[in-house]
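Written out below as structure tokens is the structure these notes cover.
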Amino acid sequence: LASNYIGNIFRVTTWGESHGKAIGAVIDGCPAGLALCEDDINKEMQLRKAASFPFTTPRKEPDVVEILSGVYEGMTTGAPISLIIYNSDVRSESYSPIQQILRPGHANYCYQTKYASFDHRGGGRASGRETACRVAAAAVAKKLLAHHGIILSSFILELGGIRCKEQAPLQDFQSSVGQLPCPDPAAQLLMKERLQKAQEEGDSLGAIIECRGYNIPKGLGDPTYHKLGAELSHALMSIPACKGIEIGDGFSLARMQGSLANDLYCLDENGDVTCSSNRAGGILAGISNGMPLVVRVAIKPTSSVKKPQASITIDKKETVLQLPEDSRHDPCIGIRAVAVVEAMVAIVVCDALLAQRLSRL
Ligand SMILES: Cc1cc2nc3c(=O)[nH]c(=O)nc-3n(C[C@H](O)[C@H](O)[C@H](O)COP(=O)(O)O)c2cc1C
């Protein structure tokens, strides 16, 4: 399986399977001199952990990250940073009864067609488990961003068709642990009811996640094939179960007139150029314009549902897929994917920030 990396200068390669011994990431291109310890990374891991949120998979992995290289006496050295996370809560036998059945909405048919083999145990490399490596690596990116005063904030904008009214992002994502990561308490109640109902029906729900970036310097992103929006789209669409991305007002811009869609220039209190609105979501001509970055990601409902689903076997016989009682899945991937969306944005912005150093004398 080629293509396990993202980023040009700040480059993250991930490895490992859902039910293998361990998973991990290697980061190349992190500058030397950044203060970094395992706690910095493990704090971020909480934001993706099933144990941190309601309505998540019963598979409870401790997700403790060890730094194997690239850090000496609490500082990055400029050498590759290697991170390892051991898998512990693995029950591969749950997948044996469905090994020969094509799973609707999941990866096994396409992997089987492409490679003539598939690690069926928990979905192997196609599992959402791989995204733990992304969050671990992005913890390093986030430390670099914080060094430059850049802050990211992400939340569930919509879940099961229920949309947040109050769209101020969460000030402190950590404080949402134990709740749904959603800033609108009324919407959150309705979301929980809908999740409860879906779970009782053996079904699953989708979600829309919003990520915002503050204090992103003007000038990040390349003007043609590596536009900031293009890099974000690539990174975000690489998240398993992601089916759509919107930057700024995205699809609704297509329904507006130009005079209303344009963000008008004005001067801020310091006499600097700014915009009176932010429909472009902080990116113009592929380059950050100093306004907050706003991206939204559509996450499909979990394909693994307890409800029986018609399917066929690998040797082409009609059958019904009934997941084993003890198989474990997220009823809504969108809850834990909030941390993954923020991770991918962090990696892209960090990469663009480092690339920006090459753009002028
Ligand atoms: C954090 C996270 C957790 C996931 N958990 C599950 C899960 O429990 N069950 C499942 O069927 N898919 C889960 N997925 C999604 C599958 O990995 C994904 O749907 C599958 O690989 C097919 O790829 P596609 O949906 O991108 O086409 C998860 C994804 C993420 C990001």
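Order of appearance sets the numbers: ligands from 1, and atoms from 1 within every ligand.
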Evaluate the criterion salt bridge (Lys or Arg N to Asp or Glu O under 4.0 Å) for residue pair R134 and E130; output intermediate values, then yes/no.
CA-CA 7 Å; R134 302 173 185 229; E130 183 270 337; 2.8 Å; yes
Once you restrict both partners to nitrogen or oxygen, which atoms of ligand 1 have a protein partner under 3.5 Å, and how far apart are they?
from, atom 1, to, atom 2, distance (Å)
ligand 1, 5 (N), D330, OD2, 3.2
ligand 1, 8 (O), H329, ND1, 3.4
ligand 1, 8 (O), D330, N, 2.9
ligand 1, 9 (N), H329, ND1, 2.9
ligand 1, 11 (O), H106, NE2, 3.4
ligand 1, 11 (O), S303, OG, 3.4
ligand 1, 11 (O), S304, N, 3.4
ligand 1, 11 (O), S304, OG, 2.5
ligand 1, 17 (O), A126, O, 2.7
ligand 1, 21 (O), A126, O, 2.9
ligand 1, 25 (O), A241, N, 3.3
ligand 1, 25 (O), K300, NZ, 2.7
ligand 1, 26 (O), A241, N, 2.9

Can K307 and D203 be counted as an ion pair, charged N to O under 4.0 angstrom?
yes
Taking 4.0 angstrom as the limit, do R328 and D326 come out as a salt bridge?
no
Check K49, R129, Q46 against D63 for a side chain to side chain donor-acceptor pair (under 3.5 Å) and give me the one that passes.
R129
On a heavy-atom basis, which atom in I23 and which in A132 lie closest, and how many Å separate them?
CD1-CB, 3.9 Å
State plainly whether the residues R296 and E210 are in salt-bridge range, i.e. N to O under 4.0 Å.
yes
